[in-house]
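This report concerns only the one structure given below.
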Amino acid sequence: MLRVGKKATPEASKDSKKKAGKDNNASALKNIKKQLENQGPSKKVSVFWDIENCRPKRNTILEVVGKIRDLVLQGHQEQSFMVVCDVTEEPKDVISSLEDANVDVRHISRSKKNSSDEVLRQEMRKIVDTSNETGRIVLISGDCDFSKDLHGFRYRKGYEIVLIHNAMAKQALIQCANFAFSFETVPGQHQANSKEKKKKVEKGEKNKTKKEQEVFLTCKSGHKLDRKQPDTSGWVCDASFEDGGCKRALTSGGNPSA
C-alpha cells in the first residue's frame with residue numbers, strides 16, 4: 001500500500017529551510033573553530049579589521065567581536081585588535097561599542113584615497129617586523145590590495161594568516177591565507193542578517209495581505225462604484241460618465257435600471 005505524505009505548507013518549508021541554514025552555519029563554525037584551535041605553542045594574535053569593507057550590522061558589534069576572539073584566540077595571546085576608520089563618518093554607537101569591546105580604534109580621514117588600508121598595512125608590517133617570534137595575523141577584509149602583504153607574511157616571515165572576508169573577496173586574496181572563512185558565518189552577524197531578512201519577508205507579506213484586503217463594490221456590470229452624485233443611492237458606477245456607461249447602482253439592493 002502506498003502512503004501519501006502530507007503536503008508541506010509554506011510555513012513548514014520556511015521553518016525547515018531556516019533550520020537547515022542554522023545547522024549548516026553551526027557546522028561551518030564548528031569546523032573553523034577546530035581548525036584554529038591551539039595545537040602547539042601559544043602564539044601572539046593580532047587582529048586587523050577593515051570595518052569599511054566588512055561592515056557589521058548595528059547593535060551586533062559586541063557580540064561579533066567576542067565571537068571573533070573566541071574563534072581566533074583559543075588559548076593564544078591577543079597582541080592587538082585594531083580597527084582603522086574615519087571616526088567622524090561612523091555612527092557614534094558603532095565607535096562606542098568598539099571601544100566597549102576593548103578594540104583599538106584608529107582615526108584616519110577618508111579625504112585621502114585608501115588611507116585606512118595604508119594604515120592597516122603599516123600596522124601589520126610593524127607587528128611582523130618587530131616581533132621576535134612568529135604569530136598569527138587575522139585580517140578582516142575582502143580587499144585584494146592586501147594580497148601581497150599577506151603573501152609575504154605567510155611565506156617569507158612564517159606567520160599564520162587567518163582571513164575573514166566578505167562575499168566579494170577574490171581568490172587571489174583568499175589563497176594567501178592559511179585559513180579563510182566568510183564574515184557572514186560569524187555568530188551574531190549571521191543571526192542579524194537572518195532577522196533582517198525575516199523582517200523584510202514579514203513586511204512584504206503584510207503589505208500583500210493588506211493589498212489583498214482592498215475589496216471594492218461593483219455594479220452588475222462589474223464596474224467599480226464610487227460615492228458620487230447624481231445616483232440617489234449615494235453610489236455611482238465608474239463607467240457612468242463614459243459613453244454608454246451603465247449608470248447602475250449597487251449589485252445588491254440597488255436600482256438595476258439605467
Side-chain angles (χ1 to χ4, degrees), residues 14-33 36 45-74 78 80-110 114-117 119-120 137-146 162-170 173-174 177 179-207:
K14 287 179 183 178
D15 290 341
S16 61
K17 287 181 181 178
K18 186 177 179 180
K19 186 176 183 300
K22 284 184 177 179
D23 290 343
N24 290 338
N25 192 61
S27 178
L29 284 169
K30 187 176 179 180
N31 290 334
I32 292 166
K33 193 166 185 176
L36 295 176
V45 180
S46 300
V47 184
F48 300 91
W49 190 355
D50 183 1
I51 200 169
E52 294 172 2
N53 190 271
C54 286
R55 189 168 292 280
K57 299 297 179 183
R58 298 287 290 271
N59 303 320
T60 66
I61 292 176
L62 286 171
E63 185 178 3
V64 170
V65 170
K67 294 300 182 181
I68 289 173
R69 282 190 171 115
D70 186 46
L71 287 171
V72 302
L73 294 180
Q74 297 194 71
E78 180 179 314
S80 64
F81 197 131
M82 182 182 299
V83 166
V84 177
C85 63
D86 189 333
V87 173
T88 62
E89 297 291 332
E90 295 292 334
K92 290 182 179 179
D93 62 317
V94 169
I95 301 302
S96 177
S97 294
L98 288 169
E99 291 174 341
D100 289 344
N102 295 304
V103 173
D104 181 12
V105 181
R106 299 287 182 90
H107 169 70
I108 186 71
S109 175
R110 285 185 186 174
N114 297 326
S115 53
S116 59
D117 290 353
V119 172
L120 281 172
I137 296 288
V138 181
L139 176 65
I140 308 172
S141 178
D143 193 337
C144 199
D145 290 343
F146 290 110
V162 178
L163 176 68
I164 306 175
H165 58 83
N166 59 21
M168 303 300 291
K170 295 182 179 179
L173 175 69
I174 295 173
F179 307 102
F181 58 95
S182 172
F183 185 63
E184 297 297 322
T185 63
V186 176
Q189 185 64 19
H190 174 77
Q191 293 166 8
N193 287 339
S194 299
K195 288 179 182 177
E196 189 173 295
K197 288 177 182 177
K198 184 180 178 182
K199 284 182 181 178
K200 287 182 179 179
V201 170
E202 288 176 348
K203 186 177 180 182
E205 289 178 348
K206 186 177 180 181
N207 291 338

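Here, residue 1 is the first one in the sequence, and each next residue gets the next number. Predicted, not measured: the structure shown is a model, and the values here were computed from it.
At a threshold of 4.0 Å, the pair Arg55-Glu90 counts as salt-bridged, since one of the basic side-chain nitrogens sits closer than that to a carboxylate oxygen.
Taking Ser182 as the reference, His165, Glu184, Thr185 meet the side chain to side chain contact (heavy atoms under 4.5 Å, CB included) condition, with sequence neighbours excluded. Annotation: side chain to side chain donor-acceptor pair (under 3.5 Å) contacts of Asp145 (sequence neighbours excluded): none. For Asp93, the side chain to side chain donor-acceptor pair (under 3.5 Å) partners at least two apart in sequence or on another chain are Arg58.
In this structure the side chain of Ile164 never reaches within 4.5 angstrom of the side chain of Leu139, judged on heavy atoms. Taking 4.5 Å as the limit, some side-chain heavy atom of Phe146 sits within range of a side-chain heavy atom of Leu120. Looking only at side-chain heavy atoms (C-beta outward), Phe81 and Asn102 stay at 4.5 Å or farther from each other. Taking 4.5 Å as the limit, every side-chain heavy atom of Ile32 sits out of range of all side-chain heavy atoms of Phe179. With contacts defined as side-chain heavy-atom distances shorter than 4.5 Å, the pair Gln74/Leu36 qualifies. Residues Asn53 and Met168 form no side-chain contact, since every pair of their non-hydrogen atoms from C-beta on lies 4.5 Å or further apart. Phe48 has its side chain out of reach of Ile140: every pair of non-hydrogen atoms, C-beta onward, lies at least 4.5 Å apart. Under the 4.5 Å side-chain criterion, counting only non-hydrogen atoms from C-beta, Leu62 is in contact with Asp100.
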Determine, stepwise, if the pair Glu89 / Glu52 fulfils side-chain contact (heavy atoms from CB on, under 4.5 Å).
CA-CA 10 Å; Glu89 297 291 332; Glu52 294 172 2; over 6 Å; no
Decide side-chain contact (heavy atoms from CB on, under 4.5 Å) for Phe181 and Leu163; before the verdict, give the C-alpha distance in whole Å, the side-chain angles of both, and the deciding distance to 0.1 Å.
CA-CA 7 Å; Phe181 58 95; Leu163 176 68; over 6 Å; no
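In summary, of the residues considered (Asp104, Val84, Leu98), a side-chain contact (heavy atoms from CB on, under 4.5 Å) with Trp49 occurs for Leu98 alone. The side-chain contact (heavy atoms from CB on, under 4.5 Å) with Cys85 is formed by just one residue from the set Ile51, Asp50, Val94; it is Ile51.
In terms of modelled atom types and a separation under 3.5 Å, the side chain of Glu99 and the main chain of Val105 share no donor-acceptor contact. Within the 3.5 Å criterion, the main-chain N or O of Ser109 finds a donor-acceptor partner in the side chain of Ser115.
Of the inter-residue distances, the one linking Leu173 atom CG with Cys144 atom SG reads 5.5 Å to the nearest 0.5 angstrom. Interatomic distance, Lys170 NZ to Asp143 CG, rounded to the nearest 0.5 Å: 9.5 Å. Rounded to the nearest 0.5 angstrom, Leu71 CG and Arg69 CZ are separated by 12.5 Å.
Contact detail for Ile174 and Ala180: the closest heavy-atom pair is CG2-CB, 3.8 Å. Between Cys54 and Asn166, the shortest heavy-atom contact is SG-N, 3.7 Å.
Side-chain atoms of Asp86 and Thr88 include a donor-acceptor pair closer than 3.5 Å.
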